Amino acid sequence: DCKRRYQVCDDANPDAPTCFNGGTCFKKGISAESGKYEYMCDCTNAKDGHENEGNDGGMAVQYAGKYCQHVKEEYCDEEMFCTNGGKCSSVKYASGEHAHFTCECPAHRAGTHCEFLEEEGFSYHKKEPSNQPE
């Protein structure tokens, strides 16, 4: 897609990521092993700017993931979303009042927003759903 926006974090470093959809590179620090900068993608402004008629309220399409490559599919509230088939789940205080949202990810997906694919033989740390907010 020729219109897809991206930013290469470091042209001289083949291991540096490329951030997509308006995501921006962020220097995490210098690697003790390679002596090169390590980068991550900040997806805060990763949006396509077009109205997404399929979502409630016509919100702009927003992106998430390690490289800002995943579309936010399900909006839990203004700040929380799920992608890749994840579903919003309300975490409640002991009183029963809503505290915050988490995503319940389908099989083989993990991460705060279900943005990661679990690899065979490797499992991401998952917390069991709790009725207490963190």
Side-chain angles (χ1 to χ4, degrees):
D1 183 356
C2 294
K3 294 180 182 181
R4 189 170 189 183
R5 297 176 297 149
Y6 66 93
Q7 180 182 20
V8 177
C9 293
D10 186 346
D11 288 324
N13 180 357
D15 295 325
T18 298
C19 303
F20 296 96
N21 302 302
T24 54
C25 296
F26 176 76
K27 287 182 182 177
K28 295 193 308 186
I30 297 177
S31 168
E33 293 177 17
S34 69
K36 297 179 180 180
Y37 279 110
E38 292 182 331
Y39 297 87
M40 64 176 282
C41 296
D42 178 358
C43 303
T44 305
N45 294 314
K47 302 174 186 174
D48 72 2
H50 301 302
E51 294 302 310
N52 182 358
E53 296 173 12
N55 281 329
D56 297 335
M59 299 174 81
V61 174
Q62 295 179 306
Y63 295 87
K66 188 172 183 177
Y67 309 108
C68 309
Q69 75 276 27
H70 298 293
V71 173
K72 294 181 180 182
E73 294 173 342
E74 181 165 304
Y75 290 83
C76 307
D77 61 18
E78 290 179 3
E79 297 181 11
M80 185 62 180
F81 66 91
C82 303
T83 190
N84 295 311
K87 299 293 179 195
C88 297
S89 176
S90 179
V91 175
K92 300 184 185 303
Y93 292 110
S95 66
E97 184 180 340
H98 170 77
H100 61 87
F101 286 102
T102 61
C103 292
E104 291 189 12
C105 302
H108 307 294
R109 288 287 176 180
T112 303
H113 309 285
C114 306
E115 69 270 33
F116 299 113
L117 180 62
E118 288 185 338
E119 297 178 28
E120 188 173 330
F122 180 81
S123 179
Y124 290 89
H125 174 71
K126 287 185 177 181
K127 286 185 176 181
E128 291 299 317
S130 168
N131 289 336
Q132 299 296 320
E134 296 177 351

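Just so it is clear, the model here is predicted, and its values are computed rather than measured.
Atom OH of residue Tyr93 and atom NE2 of residue His98 lie 8.5 Å apart, to the nearest 0.5 angstrom. For the atom pair CG (Asp10) and OH (Tyr39), the distance works out to 4.0 Å, reported to the nearest 0.5 Å. With rounding to the nearest 0.5 Å, the separation of CZ in Phe116 from CZ in Arg109 is 10.5 Å. Note that CG of Asn84 and CD of Glu73 are 6.0 Å apart. Values are rounded to the nearest 0.5 Å. A distance of 9.5 Å separates CD in Glu38 from CD1 in Ile30, rounded to the nearest 0.5 Å. One finds the NZ atom of Lys72 at 11.0 Å from the SG atom of Cys82 (value rounded to the nearest 0.5 Å).
Heavy-atom contacts from other residues, nucleotides or ligands closer than 6.0 Å to OH of Tyr67 number 12 or fewer. Few gaps surround CZ on Phe101; more than 12 heavy atoms of other groups in view lie less than 6.0 Å from it.
In plain terms, the two heavy atoms of Asp77 and Met80 that are nearest each other are OD1-N, 2.7 Å. Nearest heavy-atom pair, Cys105 versus Gly111, reported as atom, atom and distance to 0.1 Å: SG-O, 3.8 Å. Smallest separation of non-hydrogen atoms from Asn13 and Tyr37: ND2-O, 3.7 Å.
The side-chain heavy atoms of Glu115 and Lys66, taken from C-beta on, include no pair separated by under 4.5 Å.
Side-chain atoms of Glu74 come within 3.5 Å of backbone N or O of Cys88 as a donor-acceptor pair.
A disulfide bridge does not connect Cys76 to Cys103: their SG atoms sit 2.5 Å or farther from one another. When the SG-SG distance for Cys41 and Cys19 is compared with the 2.5 Å cut-off, it comes out below that value.
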- Tyr63 vs Val71, side chain to side chain contact (heavy atoms under 4.5 Å, CB included): CA-CA, chis, key distance, verdict: CA-CA 5 Å; Tyr63 295 87; Val71 173; 3.5 Å; yes
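Both Phe20 and Val8 sit in one connected hydrophobic cluster of ILVMFWY residues. Membership requires side-chain heavy atoms under 4.5 Å apart, directly or through other members.
The aromatic rings of Phe81 and His113 sit parallel to each other, their planes meeting at less than 30°, with 60° as the upper class boundary.
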